[in-house]
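The structure appears right after this line, and notes come after that.
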Amino acid sequence: MADFDRGYFVGAFRRMAATAEEHRDEWTKLDGDIGDGDHGINMSIGFREVVKQLDALPDDTDVAGLFKLVGMTLLRKVGGASGPLYGSFFMKAGAEVAGQSEVSFDDLRRMLRAGVDSIQQRGKAELGDKTMLDSYLPGLDVLEAADAADPQAALTAFVDRMRQGSDDTIPLVAKKGRAMRLGERSVGHRDPGSQSSWMLMNCLLDELKG
Amino acid sequence: MADFDRGYFVGAFRRMAATAEEHRDEWTKLDGDIGDGDHGINMSIGFREVVKQLDALPDDTDVAGLFKLVGMTLLRKVGGASGPLYGSFFMKAGAEVAGQSEVSFDDLRRMLRAGVDSIQQRGKAELGDKTMLDSYLPGLDVLEAADAADPQAALTAFVDRMRQGSDDTIPLVAKKGRAMRLGERSVGHRDPGSQSSWMLMNCLLDELKG
Amino acid sequence: MKRLLNDGYDAVEELLDGYVKAHGDVVKLADNERVVVRTTLSPQPKVGIIFGGGSGHEPLFLGYVGEGVADAAVIGNVNTSPDPIACYDAVTAVDQGKGCLYLYGNYQGDVLNFDMGAEMAADDGITVETVLITDDVYSAKDRADRRGVAGDVIVLMAACAVANTGADLATVKAAAEKANDNTYSMGVALSSSTLPVTGKPIFDIGPDDMEVGMGIHGEPGIERKKLEPADAVMDEILGIVLPDMNLQSGERVAVMINGLGGLPLMDQYICYRRVHDVLTEKGVTIAKSMVGNYATSMDMIGMGVTLVRLDDELEAWLNAPFDAPYLKQG
Amino acid sequence: MKRLLNDGYDAVEELLDGYVKAHGDVVKLADNERVVVRTTLSPQPKVGIIFGGGSGHEPLFLGYVGEGVADAAVIGNVNTSPDPIACYDAVTAVDQGKGCLYLYGNYQGDVLNFDMGAEMAADDGITVETVLITDDVYSAKDRADRRGVAGDVIVLMAACAVANTGADLATVKAAAEKANDNTYSMGVALSSSTLPVTGKPIFDIGPDDMEVGMGIHGEPGIERKKLEPADAVMDEILGIVLPDMNLQSGERVAVMINGLGGLPLMDQYICYRRVHDVLTEKGVTIAKSMVGNYATSMDMIGMGVTLVRLDDELEAWLNAPFDAPYLKQG
Ligand SMILES: Nc1ncnc2c1ncn2[C@@H]1O[C@H](COP(=O)(O)OP(=O)(O)O)[C@@H](O)[C@H]1O
Ligand SMILES: Nc1ncnc2c1ncn2[C@@H]1O[C@H](COP(=O)(O)OP(=O)(O)O)[C@@H](O)[C@H]1O
Ligand SMILES: [Mg+2]
Ligand SMILES: [Mg+2]
Ligand SMILES: [Mg+2]
Ligand SMILES: [Mg+2]
């Protein structure tokens with residue numbers, strides 16, 4: 001059972017920052033179709049600041065501290081719905097492993113569950129409301145059911161299921177967030193947060209693959 | 001020597017109104033290139049009102065009164081440089097034949113000269129300044145030199161020379177009006193007022209031809 | 001469409017820096033660079049009025065910070081709710097011991113962030129109440145679900161008029177709620193705005209089309225139609241807003257025509273004219289008129305109509321003296 | 001670009017009708033439908049201040065008619081000087097026996113028409129003086145040949161401040177001349193405006209181009225260049241204006257950023273910021289700042305910088321109290 005240390009997570013966060021930059025216009029376009037066209041831009045603004053923070057990361061920062069820093073940075077810089085949601089996600093995830101310098105794969109699963117719980121607590125959305133939860137929730141179930149002996153396979157299944165969950169948002173009528181007011185006009189469009197969330201989680205997998 | 005009565009001039013003014021309408025966008029485009037893009041629009045605004053006035057023309061209006069009415073209407077409705085210039089042109093032209101119900105061809109030549117004098121007096125432009133005077137002035141010289149026995153031929157020569165004068169504005173550097181501040185950038189463009197003026201005078205000819 | 005910017009990532013900070021430099025006699029940045037506050041607070045302690053939302057709606061929200069108007073504006077990224085720390089910092093910057101009122105348009109992102117700010121303030125023992133502005137008639141059937149558009153300014157005026165009397169937080173909140181309950185808006189957009197970071201429009205729209213029910217963020221409207229003459233568009237808007245507010249002959253209203261940024265004042269007054277004529281014809285009295293760019297979407301071509309049903313109290317609030325760079329009267 | 005109008009031929013009349021309906025407490029139409037006048041003139045007789053020019057520059061000129069500001073605005077067709085009868089009718093509507101001052105931008109069409117108006121007024125025994133506004137630095141080498149752009153508002157403020165003291169016509173005229181002599185503007189356009197009658201732009205311009213030295217009528221500027229970032233454009237403008245006005249360290253100025261209509265306030269404040277920083281760096285004091293759409297060209301995307309060299313007198317004039325719908329201070 002692999003251990004995930006601070007270096008691993010720093011690497012994953014740098015990948016997330018690169019992903020946010022690379023997919024900025026794609027996420028923005030998705031949000032333009034059924035939202036206000038800022039999702040990719042704001043995630044890129046947030047992760048640009050994350051990179052600055054990582055570049056100046058104090059040596060004594062542990063995993064919990066790192067997650068708190070990333071969460072707070074997103075909270076401060078992103079705004080909108082996804083700022084507090086992603087911010088809480090990372091902060092709550094980190095809080096699960098306070099004081100630990102390394103985390104086990106089971107710890108990681110607990111972290112992600114805690115993070116997703118906080119999204120749900122803050123945003124009060126349900127499965128099928130056409131939000132990022134439509135990728136997170138089914139993904140987490142798969143992750144938790146997976147064999148802990150093979151984290152890479154488990155994370156692969158997790159991300160694949162999240163991606164599938166994102167695809168599944170396309171035919172849905174939005175019930176939360178800005179797209180909600182579009183009603184039937186939201187049908188046929190992918191939810192932008194479901195796309196950004198699987199792509200960000202995919203960075204955990206990529207960093208593990210190295 | 002043909003006489004020109006009120007009916008002739010009413011007909012000519014209606015033709016001018018139709019011409020202003022038809023060439024509105026062309027004159028506007030010319031003015032857009034080196035001016036402020038309003039010449040055709042404002043002439044069409046003015047002549048639309050002229051038509052309204054003609055439709056309600058009091059029976060006792062003589063030629064001088066008709067010209068005064070048209071001049072005043074353009075003065076009131078056109079604005080810009082061409083409002084007072086065309087307005088004065090028609091008012092002064094009419095004043096030459098105060099009290100007459102018909103005018104001779106010689107009267108007509110005097111009218112046009114008086115009108116052009118007033119343009120020059122108001123606008124203080126010279127030949128070659130790239131204005132409507134570059135069509136009017138050489139045109140008038142030809143008209144005055146022409147054989148009074150054949151008004152149609154004389155008016156044809158007049159209009160042809162005006163048209164030529166308009167063509168001749170193309171290579172000029174503007175010295176008056178809005179285009180003046182463009183300096184060399186006005187070169188290569190036809191002066192819009194030189195174009196509208198020959199086209200309007202051409203209506204005198206067309207009405208004569210019937 | 002074209003903009004005149006530097007790096008789009010710097011646009012909000014440069015806007016705020018430029019704004020406080022231009023209006024340094026009235027406002028400054030709080031310790032938080034996303035919080036615009038009055039240089040000096042009211043000499044008599046009053047409820048702190050905190051107005052906010054995304055940037056890109058200028059003069060909303062920052063233009064309404066000033067004497068007798070908002071005490072602070074909290075500014076987010078373009079079209080994006082401000083962050084919770086800025087929401088909190090605004091409270092600590094302006095609270096005078098009487099508590100604060102958050103006023104912002106009803107968008108989920110804003111609710112999430114402002115609520116977190118209020119929680120943080122509560123931890124400090126400062127009471128923060130919230131009135132969500134919900135004037136956009138076409139955005140939802142129930143008032144509570146509607147978004148806030150130009151009605152933001154109306155609700156702000158009412159809240160500030162009452163706060164300026166020294167009233168307590170509950171009274172100020174009730175005034176804002178009353179104003180909100182009586183405010184009805186609806187708009188159309190003829191173009192998208194252009195985002196500073198991408199330099200691109202948010203959505204495409206045909207040369208002869210308009211988006212009906214457009215908000216002020218570039219969210220799609222509720223319906224896309226062929227563009228019609230101004231009078232027909234006003235008739236269509238009034239045809240929806242008047243029944244929704246059930247406006248009767250003999251009633252009194254305030255009318256606001258709000259330009260979204262790229263629509264000339266000429267067009268806005270032509271729109272106003274039609275609204276005026278239709279209401280007058282209907283026997284409705286227009287007691288107050290406001291025309292201009294109150295809540296924009298940067299360079300978006302479009303406008304909205306806002307009607308406020310007035311009684312004596314509400315009319316007096318809207319006619320109170322205000323002195324902010326973009327709201328001066330009395 | 002798109003507009004929200006009815007028949008373009010009716011646009012000016014509908015604008016004026018809408019304007020006086022919206023602001024009926026302040027202004028009305030004179031007997032001439034192209035003349036906007038104050039509903040009530042100053043109780044103390046003063047020199048009548050008559051401001052005017054084409055329409056399509058709103059809020060210029062009509063937006064500045066009000067208490068302590070212009071007594072009348074004379075409005076022409078779009079981008080077109082008003083007619084002489086309107087110019088004359090404005091005089092008879094506002095003259096209080098102390099004569100009137102015509103204030104307008106230096107365009108030949110305006111000179112022709114206003115001069116005729118003044119001649120007609122002279123026939124009635126009313127003295128009308130004229131100050132031509134000539135602030136557009138890039139439009140000509142000699143001040144007397146320059147056109148008037150946003151400086152119109154600066155000169156108006158000075159003239160009105162002095163007229164409000166009850167000063168005689170010569171004194172008011174001298175104040176306007178002093179303000180004009182100290183006012184320097186220059187602008188850029190990123191797009192043409194859209195004409196109401198044709199629904200089309202006046203000129204074409206590439207997606208990456210800007211027109212430098214653009215006026216407010218859609219006349220071509222003096223040079224076409226590649227569009228640059230805001231700071232670079234401001235540096236270019238200041239690189240021309242500052243030497244022209246020979247501005248020295250230690251001097252004091254008013255700064256106006258004038259939006260041409262389609263440029264968001266966000267961009268305008270970003271432009272202001274650069275101008276502020278460059279002037280401050282140079283040791284120049286900014287004693288007054290004005291940012292916004294003061295003199296537009298309908299939906300044209302663009303802006304201008306106006307600098308006014310101040311002495312105590314001029315500064316006091318610009319800080320006088322004004323109360324028109326689009327100019328309220330003090
Ligand atoms: N209540 C919610 N619960 C979970 N996710 C949500 C909720 N509301 C919105 N989201 C997610 O946030 C995304 C939009 O983020 P963003 O564009 O940053 O916010 P905003 O709508 O404020 O502009 C949506 O695509 C959706 O996935
Ligand atoms: N001083 C002048 N003398 C004669 N004609 C002039 C003069 N100034 C301008 N014009 C004519 O007027 C035309 C422009 O008319 P118009 O577009 O209506 O005026 P404006 O420049 O005020 O918009 C020019 O093309 C020119 O022919
Ligand atoms: Mg969004
Ligand atoms: Mg012209
Ligand atoms: Mg947003
Ligand atoms: Mg003109």
Side-chain angles (χ1 to χ4, degrees), chain C residues 1-7 11-12 14-19 21-24 55-56 58-59 63 78 188 190-191 193 196 207 210 227 229-231 233 255 257 261-274 276-277 286 289-293 296 298-299 301-303 326 328-329, chain D residues 1-7 11-12 14-19 21-24 55-56 58-59 63 78 188 190-191 193 196 207 210 227 229-231 233 255 257 261-274 276-277 286 289-293 296 298-299 301-303 326 328-329:
Chain C
M1 284 188 303
K2 291 159 152 180
R3 305 274 309 256
L4 199 50
L5 298 168
N6 300 305
D7 185 340
V12 181
E14 290 181 355
L15 156 68
L16 295 179
D17 186 39
Y19 188 80
K21 280 173 170 160
H23 303 290
S55 51
E58 293 72 31
V78 171
V188 293
L190 283 58
S191 79
S193 56
M210 65 177 170
L227 180 57
D231 285 359
V233 174
V255 176
I257 299 292
L263 191 76
L265 273 182
M266 180 184 280
D267 307 44
Q268 293 181 40
Y269 279 104
I270 290 172
C271 291
Y272 175 81
R273 172 180 177 268
R274 181 63 168 198
H276 178 106
D277 290 353
I286 300 175
S289 309
M290 300 166 78
V291 179
N293 293 351
T296 72
M298 297 181 289
D299 53 356
I301 304 171
M303 56 77 65
Y326 288 85
K328 286 189 201 296
Q329 68 180 28
Chain D
M1 285 189 302
K2 291 158 151 180
R3 305 274 309 255
L4 199 51
L5 299 168
N6 300 304
D7 185 339
V12 181
E14 290 181 356
L15 157 69
L16 295 179
D17 186 40
Y19 189 82
K21 280 173 170 160
H23 303 289
S55 50
E58 294 71 30
V78 172
V188 294
L190 282 58
S191 80
S193 56
M210 64 178 171
L227 181 57
D231 286 358
V233 174
V255 176
I257 299 293
L263 191 75
L265 273 183
M266 180 185 281
D267 307 43
Q268 293 181 41
Y269 278 104
I270 289 172
C271 291
Y272 175 80
R273 173 180 176 268
R274 181 63 169 197
H276 178 105
D277 289 353
I286 300 175
S289 308
M290 301 167 76
V291 179
N293 293 351
T296 72
M298 298 182 289
D299 54 355
I301 304 171
M303 56 77 65
Y326 288 86
K328 285 190 201 297
Q329 67 179 29

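This is a predicted model, so every value here is computed, not measured. The sequence lines fix the lettering, A, B, ..., with proteins before strands; numbering per chain opens at 1. Reckoned from all heavy atoms, side chains included, excluding hydrogens, waters and symmetry mates.
The shortest distance between side-chain heavy atoms of D:R3 and C:P264 falls below 4.5 Å. Two residues are said to be in side-chain contact when any heavy atoms from C-beta on lie closer than 4.5 Å; C:L4 and D:L227 meet this criterion.
Both the backbone and the side chain of D:P59 come within contact range of chain C, with heavy atoms under 4.5 Å apart. For a residue to count as touching a neighbouring chain, one of its non-hydrogen atoms must lie under 4.5 Å from one of that chain's; by this rule D:I301 touches chain C with the side chain only. At a 4.5 Å heavy-atom cutoff, D:M290 makes no contact with chain C through either its backbone or its side chain. Residue D:V188 touches chain C through its side chain alone, counting heavy-atom pairs closer than 4.5 Å. Heavy atoms closer than 4.5 Å to chain D are found in the side chain of C:V233, but not in its backbone. Residue C:D7 does not touch chain D at all, counting heavy-atom pairs closer than 4.5 Å. Of the atoms belonging to C:V78, it is side-chain heavy atoms, and not backbone ones, that fall under 4.5 Å from chain D.
Interface remark: of the candidates D:G24, D:P207, D:G292, D:P207 forms the most heavy-atom pairs closer than 4.5 Å to chain C. Of the residues considered (D:I286, D:V12, D:D231, D:D299), D:D231 shows the highest number of contacts with chain C, using heavy-atom pairs under 4.5 Å. Comparing D:K328, D:E58, D:K21, D:M298 by how many heavy-atom pairs each has under 4.5 Å with chain C, the most go to D:K21. Of the residues considered (C:T296, C:V255, C:D277), C:D277 shows the highest number of contacts with chain D, using heavy-atom pairs under 4.5 Å.
Here the shortest heavy-atom pairing between D:A22 and C:S289 reads O-CB, 3.5 Å. Nearest heavy-atom pair, D:P196 versus C:M266, reported as atom, atom and distance to 0.1 Å: CG-SD, 4.0 Å. Closest of all the heavy-atom pairs between D:V291 and C:Y326 is O-OH, 3.2 Å.
C:M1 contributes atom CE, which lies 11.0 Å from atom CG of D:L263 (distance to the nearest 0.5 angstrom). Here the CG atom belonging to D:N6 is positioned 6.5 Å from the CD1 atom belonging to C:I270, to the nearest 0.5 angstrom. Separating the CG atom in C:D267 from the NZ atom in D:K2 is a distance of 13.0 Å, to the nearest 0.5 Å. Taking CG of C:L15 as the start and SG of D:C271 as the end, the distance is 11.5 Å to the nearest 0.5 Å.
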*Is there a side chain to side chain donor-acceptor pair (under 3.5 Å) between D:H23 and C:Y272 once you walk through the steps?*
CA-CA 11 Å; D:H23 303 289; C:Y272 175 81; over 6 Å; no

